Student: 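Structure in structure tokens, see below.
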Amino acid sequence: MTDTITPPPLDEHQIIAERRAKLTAARAQGQAYPNDFRRTDLAADLQRDHADQQNDVLEAAPRAVRIAGRMLLKRVMGKACFGTLQDMSGRMQIYVALDLVGAETLDAFKRWDLGDLLGVEGTLFRTKTGELTVKATSVRLLSKSLRPLPEKFHGLTDQEQKYRQRYVDLITNPESRDVFVKRSQIVQAIRTFFVQRGYLEVETPMMHPIPGGAAAKPFVTHHNALDMELYLRIAPELYLKKLVVGGFEKVFEINRNFRNEGISTRHNPEFTMIEFYEAYQDYNYLMDLTEELLRGVAQQVLGTTSITYQGNAIDLGKPFDRLTLAQAIHQYHPHHSLADLAQPDYLRAALAKTGTETYPTDGLGVLQLKLFEAGTEDKLMQPTFIVAHPTDVSPLARASDADPAVTDRFELFITGREIANGFSELNDPEDQAARFTAQAKAKEAGDEEAMFFDADYIRALEYGLPPTAGEGIGIDRLVMLLTDSPSIRDVILFPQLRNSDV
RNA sequence: GGGUGGUUAGCUCAGCCGGUAGAGCAGCGGACUUUUAAUCCGUUGGUCGCGAGUUCGAAUCUCGCACCACCUACCA
């Protein structure tokens with residue numbers, strides 16, 4: 001501590017100035033930010049443990065408690081006051097009366113502000129109206145809050161401020177807290193699911209000399225000591241498969257990916273994925289596993305597999321549909337017959353009507369994919385696996401034995417959004433090298449998202465990757481689904497926003 | 001990248017047929033020993049996002065810029 005006065009912030013105004021004056025007065029009384037108060041109780045535990053006890057029971061055998069929290073409501077009435085404290089678990093009312101705490105403490109309490117952090121000792125009782133309350137024998141100011149909280153009834157509603165000052169959002173809006181508590185529970189449930197199945201959780205590099213594992217534009221940075229360019233990873237895929245080569249036959253990683261692309265309600269530059277790989281399994285196994293995972297997580301975190309997303313009922317309990325691109329297009333647009341959808345010329349004509357650009361090099365599969373994306377993808381409300389993606393756009397997936405033009409791959413769509421992507425891995429090093437060469441050519445031709453030729457990955461495959469199935473699930477989008485959140489920013493604590501002047 | 005809407009007190013919002021800015025909450029002063037969005041009386045607080053223009057006069061009309069939201073495009 002020093003005696004130097006902190007320069008007032010640029011947005012200092014009357015309320016802050018008044019609170020700062022109270023802080024200065026508190027400093028004159030002694031330590032203004034004490035750290036010797038130890039709580040013994042959390043609000044929610046007390047509410048739960050004493051839910052059934054009437055006041056006569058509580059008064060007969062007084063329960064001594066020590067709680068701490070932020071004061072969100074205060075009702076001053078002459079010689080007795082009520083306040084509402086909030087801690088990480090919930091809220092608890094406190095009662096501060098002259099005959100129990102004395103005039104000095106009562107006067108001090110009256111000057112404390114909403115937002116101040118208090119420590120309270122006392123006993124439990126129940127008020128006339130039946131609310132469990134701590135009757136204070138002592139109240140202390142533990143941290144002065146210099147900035148006023150948002151309006152106590154409406155909380156913070158301004159979207160920008162909710163994102164930029166998430167801490168204020170979390171203080172005042174229980175719905176926001178709930179989303180992030182659920183997010184934590186969802187991630188924990190996923191982690192447990194894989195650990196219980198014998199998977200090893202690993203951490204692979206976030207900085208890659210060659211960005212790989214997905215088609216996306218990377219962020220670039222520079223390592224000074226090595227004097228080399230490094231890329232923030234766009235996916236952990238290639239590293240995880242190297243671990244399978246190394247003998248870790250079931251691995252998963254839950255971590256951030258970074259993609260230097262647009263920002264929207266469904267895209268944040270850094271987002272969280274789980275990727276998992278299991279040797280001696282294929283993509284059909286993954287689809288079964290994915291259904292089991294999503295059902296289990298929803299049941300565990302929400303207590304149900306029937307959920308609502310933005311007004312649409314979604315049933316995670318039923319077996320998920322499994323359709324090829326052509327089958328999905330036909331199902332939602334029956335005027336396209338399956339025979340038509342197998343004709344490249346027909347597809348080109350249909351795409352021309354939707355204004356979608358096509359290239360002479362687009363094969364049947366790519367044309368189907370484009371038509372799917374142009375008007376079917378967003379209609380897949382209920383969980384649907386789209387299987388057999390074209391080999392041309394799946395450079396890391398194993399080609400189908402029955403038809404090498406497509407891969408043993410699926411994408412899972414729910415509410416019209418891609419939630420997961422998985423496939424039987426391409427483990428033939430010569431095929432993989434050829435696919436990388438094709439990608440490298442596309443990159444030279446100007447495709448910014450085409451992949452690099454990754455020689456170390458080919459070398460790993462040359463040691464022998466067992467037949468393996470691998471999948472990625474977008475955690476943010478899954479959390480959006482399970483918390484009924486309309487924007488990815490609602491499920492990321494500190495979403496990326498443009499710079500602002502504080 | 002394109003379109004639409006928003007930006008007024010610390011917060012939630014009115015005011016927008018151009019005439020010098022309002023409410024509730026919070027704050028400040030006062031009353032009140034079971035309140036709970038406490039109540040009652042009094043009261044402080046504003047570069048109306050920023051910059052230009054039209055006008056005797058702009059929160060209000062016009063143009064530009066910034067940021068936010070939504071839609072759209074892009075994006076495995």
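Values below: every heavy atom of this structure, side chains too, minus hydrogens, waters and symmetry copies. This is a predicted model, so every value here is computed, not measured. So you know, we letter chains A, B, ... as the sequences are listed, proteins then strands, and number each from 1.
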Student: Between the base of B/rU12 and the side chain of A/T157, is there any donor-acceptor pair under 3.5 Å?
Tutor: no
Student: Salt bridge check, A/R435 against A/D431: does any charged N sit closer than 4.0 Å to a carboxylate O?
Tutor: yes
Student: Tell me the ring-ring contact (aromatic ring centres under 6.0 Å, His included) pairs involving residues 75-95 of chain A, sequence neighbours left out?
Tutor: A/F82-A/Y95, A/Y95-A/F125
Student: Closest to the A/Q14 side chain: B/rG45, B/rA76, B/rU35?
Tutor: B/rG45
Student: From the set B/rU12, B/rU34, B/rC67, return the single nucleotide nearest to any side-chain atom of A/T127.
Tutor: B/rU34
Student: Show each protein N/O and nucleotides 49-51 of chain B N/O combination with a separation under 3.5 Å, one pair to a line.
Tutor:
none

Student: Please tabulate the protein-to-nucleotide N/O contacts below 3.5 Å involving nucleotides 70-73 of chain B, giving atom names and distances.
Tutor:
residue	atom	partner	partner atom	Å
B/rC70	OP2	A/R489	NH1	3.2

Student: Could you pull out all residues at least two apart from A/D408 that satisfy salt bridge (charged side-chain N to carboxylate O under 4.0 Å, His left out)?
Tutor: A/R398
Student: Between the protein and nucleotides 29-32 of chain B, are there any N/O to N/O pairs under 3.5 Å, and if so, what are the atom names and distances?
Tutor:
residue	atom	partner	partner atom	Å
B/rC32	N3	A/V76	O	3.4
B/rC32	N3	A/G78	N	3.1
B/rC32	N4	A/G78	N	3.2

Student: Using the test ring-ring contact (aromatic ring centres under 6.0 Å, His included), find all partners of A/F320 that sit at least two apart in sequence or belong to another chain.
Tutor: A/F385
Student: Is any N or O donor-acceptor pair between the side chain of A/Y95 and the base of B/rU33 shorter than 3.5 Å?
Tutor: yes
Student: Looking at the base of B/rU35, is there any donor atom on it, or on the side chain of A/Q93, that sits under 3.5 Å from an acceptor on the other one?
Tutor: yes
Student: Taking side-chain contact (heavy atoms from CB on, under 4.5 Å) as the test, write out the residues that go with A/T204, two or more places apart.
Tutor: A/V202, A/R233, A/P236, A/Y239, A/L240, A/L243, A/E253
Student: Is any side-chain nitrogen or oxygen of A/R75 closer than 4.0 Å to OP1 or OP2 of B/rA38?
Tutor: yes
Student: Determine whether any donor atom in the side chain of A/R409 lies under 3.5 Å from an acceptor atom in the base of B/rA76, or the reverse, and answer yes or no.
Tutor: yes
Student: Compare all side-chain heavy atoms of A/L289 with those of A/F276 and state whether any distance is below 4.5 angstrom.
Tutor: yes
Student: Test of understanding: with side-chain contact (heavy atoms from CB on, under 4.5 Å), list the residues that count as partners of A/S264, not counting sequence neighbours.
Tutor: A/R266, A/H267
Student: Closest approach to the side chain of A/P150, judged atom by atom: which nucleotide of B/rA37, B/rU12, B/rC11 is it?
Tutor: B/rC11
Student: Only counting residues at least two apart or in another chain, list the ones meeting side chain to side chain donor-acceptor pair (under 3.5 Å) with A/E373.
Tutor: none
Student: What residues form a salt bridge (charged side-chain N to carboxylate O under 4.0 Å, His left out) with A/R166, not counting sequence neighbours?
Tutor: A/D169
Student: So which nucleotide from B/rU12, B/rU34, B/rC68 ends up closest to the side chain of A/R164?
Tutor: B/rC68
Student: Mind checking what makes side-chain contact (heavy atoms from CB on, under 4.5 Å) contact with A/V220, not counting sequence neighbours?
Tutor: A/E229, A/Y231
Student: Tell me, please, which residues at least two apart from A/E275 pass salt bridge (charged side-chain N to carboxylate O under 4.0 Å, His left out).
Tutor: none
Student: Closest approach to the side chain of A/E151, judged atom by atom: which nucleotide of B/rU12, B/rU33, B/rA38 is it?
Tutor: B/rU12
Student: It should be established whether A/K152 places a side-chain nitrogen or oxygen under 4.0 Å from OP1 or OP2 of nucleotide B/rA26.
Tutor: yes
